[in-house]
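Because the structure is a prediction, the values reported are computed rather than measured.
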Amino acid sequence: MAVINIHVRHLAASAAEAGQLLDSLASENDRLWPAPEWPPMRFDRPLGVGAAGGHGPVRYTVEQYEPGRWVRFRFTGPRGFDGFHELTVQPTPDGGVDLIHLLAMHARGPARLTWPLAYRWMHDACLEDSFDRAERALTGSVRRPARWSLPVRGLRWLADRAMGPDSPESESASAATVSTVG
């Protein structure tokens with residue numbers, strides 16, 4: 001099953017400012033990834049070609065990286081995710097920037113079910129939370145904050161129960177669910 005998933009957020013900021021957010025991914029001062037609401041993005045070394053890691057059960061390696069402009073991650077897990085996802089900082093004619101996330105993959109085997117039933121919902125919510133974080137960092141506010149859908153809240157609840165109460169990722173998921181829904 002072919003999957004193309006695109007998210008775009010226009011930001012009233014310069015490409016250099018947005019590029020700094022991109023370059024902070026998985027660092028101690030990550031200003032783009034929406035942790036602690038979502039499992040943190042972590043790598044075995046600083047962001048750069050060959051860095052391996054991911055977030056939660058989603059694993060990947062950095063396949064290509066142009067600092068301040070673009071990073072592409074090649075999936076290594078979960079099983080059946082055959083493809084990549086990438087973040088691009090694209091300057092726009094109005095002096096702003098589009099932050100673009102593209103996921104392109106073939107879902108094979110178990111992913112033919114897990115992508116449409118679970119991962120897609122969680123992916124979309126996580127990306128919109130990340131874009132909210134970018135907008136807040138670059139402009140000081142978020143015009144239309146993302147809201148988690150009922151399926152996302154349900155999946156987060158299930159994931160929290162599956163990870164167990166002692167998991168740091170479980171604690172962040174519980175706290176995020178309460179603060180977002182409550």
From [X] atom [atom1] to [Y] atom [atom2], the distance as rounded to the nearest 0.5 Å:
{"X": "E86", "Y": "R74", "atom1": "CD", "atom2": "CZ", "result": "10.0 Å"}
{"X": "M41", "Y": "L47", "atom1": "CE", "atom2": "CG", "result": "8.0 Å"}
{"X": "T92", "Y": "Q90", "atom1": "OG1", "atom2": "CD", "result": "8.5 Å"}
{"X": "D132", "Y": "S141", "atom1": "CG", "atom2": "OG", "result": "10.5 Å"}
{"X": "T88", "Y": "L99", "atom1": "OG1", "atom2": "CG", "result": "8.5 Å"}

If you measure from the Lys or Arg side-chain nitrogens to the Asp or Glu carboxylate oxygens, is any gap between R147 and E128 under 4.0 Å?
->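 Salt bridge: no.
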
Checking the side chain of [X] only, and the main-chain atoms of [Y] only, is there a donor and an acceptor separated by less than 3.5 Å?
{"X": "S130", "Y": "L32", "answer": "yes"}
{"X": "D44", "Y": "A52", "answer": "yes"}
{"X": "R133", "Y": "A35", "answer": "yes"}
{"X": "R59", "Y": "G56", "answer": "yes"}

Could you walk me through whether R42 and H55 pass the side-chain contact (heavy atoms from CB on, under 4.5 Å) check?
-> CA-CA 6 Å; R42 293 191 176 126; H55 60 280; over 6 Å; no

Testing the basics here: between [X] and [Y], what is the closest heavy-atom pair and its distance to 0.1 Å?
{"X": "D129", "Y": "A146", "result": "OD1-CB, 3.9 Å"}
{"X": "P91", "Y": "V97", "result": "N-CG2, 4.1 Å"}
{"X": "G68", "Y": "L22", "result": "C-CD2, 4.0 Å"}
{"X": "L11", "Y": "A134", "result": "CD1-CB, 4.3 Å"}
{"X": "G53", "Y": "F43", "result": "N-CD2, 3.6 Å"}

Validation row, ring centre W148 to ring centre W38 under 6.0 Å |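 Centroid distance W148-W38: below 6.0 Å, so yes.
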
Do H101 and F131 make the cut of ring centroids closer than 6.0 angstrom?
->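 Centroid separation for H101 and F131: 6.0 Å or greater.
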
Using the side chain to side chain donor-acceptor pair (under 3.5 Å) rule, collect all pairs that involve residues 16-35, keeping only residues at least two apart or in two chains.
->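 Found S14-E17, D23-Y65.
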
Residue pairs involving residues 109-118 (criterion side chain to side chain donor-acceptor pair (under 3.5 Å); sequence neighbours excluded) |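 Not a single pair qualifies under side chain to side chain donor-acceptor pair (under 3.5 Å).
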
Using links of under 4.5 Å between side-chain heavy atoms of ILVMFWY residues, direct or through other members, which residues join L102 in one cluster?
->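 Other cluster members: I4, I6, V8, F84, I100.
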
Transitive ILVMFWY cluster of L150 at side-chain heavy atoms under 4.5 Å: who else is in it?
->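 Its cluster mates, by chain and number: none.
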
When you look at M105 and D82, which way does the side-chain contact (heavy atoms from CB on, under 4.5 Å) test go after all the steps?
-> CA-CA 5 Å; M105 71 175 186; D82 182 14; 5.6 Å; no

Can you tell if the side chain of [X] reaches within under 4.5 Å of the side chain of [Y], non-hydrogen atoms only?
{"X": "V58", "Y": "F73", "answer": "no"}
{"X": "H85", "Y": "Y60", "answer": "yes"}
{"X": "L21", "Y": "L138", "answer": "yes"}
{"X": "M122", "Y": "R156", "answer": "yes"}

Could I get the full list of ring pair (Phe, Tyr, Trp, His ring centres under 6.0 Å) partners for Y119, not counting sequence neighbours?
->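 Per chain and number, Y119 pairs via ring pair (Phe, Tyr, Trp, His ring centres under 6.0 Å) with F81.
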
Residues W70, Q64; criterion side-chain hydrogen bond (donor to acceptor under 3.5 Å, both in side chains); working and verdict | CA-CA 8 Å; W70 174 61; Q64 297 177 1; 5.8 Å; no

So which of C126, P39, P40 actually passes side-chain contact (heavy atoms from CB on, under 4.5 Å) with P34?
->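 Of C126, P39, P40, side-chain contact (heavy atoms from CB on, under 4.5 Å) with P34 is met by C126 alone.
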
Please list all pairs passing the ring pair (Phe, Tyr, Trp, His ring centres under 6.0 Å) test where one or both residues lie in residues 2-27, with sequence neighbours left out.
->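 The answer is H7-H123.
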
Criterion side-chain contact (heavy atoms from CB on, under 4.5 Å) on M1 and H106, from CA distance to verdict | CA-CA 5 Å; M1 166 174 67; H106 289 281; over 6 Å; no

Should W157 and V152 be marked as a side-chain contact (heavy atoms from CB on, under 4.5 Å) after you check the CA-CA gap, both sets of side-chain angles, and the distance that decides it?
-> CA-CA 8 Å; W157 183 85; V152 169; over 6 Å; no

Heavy atoms from other residues, nucleotides or ligands near CZ of R120 exceed 12 (cutoff 6.0 Å) |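 Buried by this count: over 12 neighbours within 6.0 Å.
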
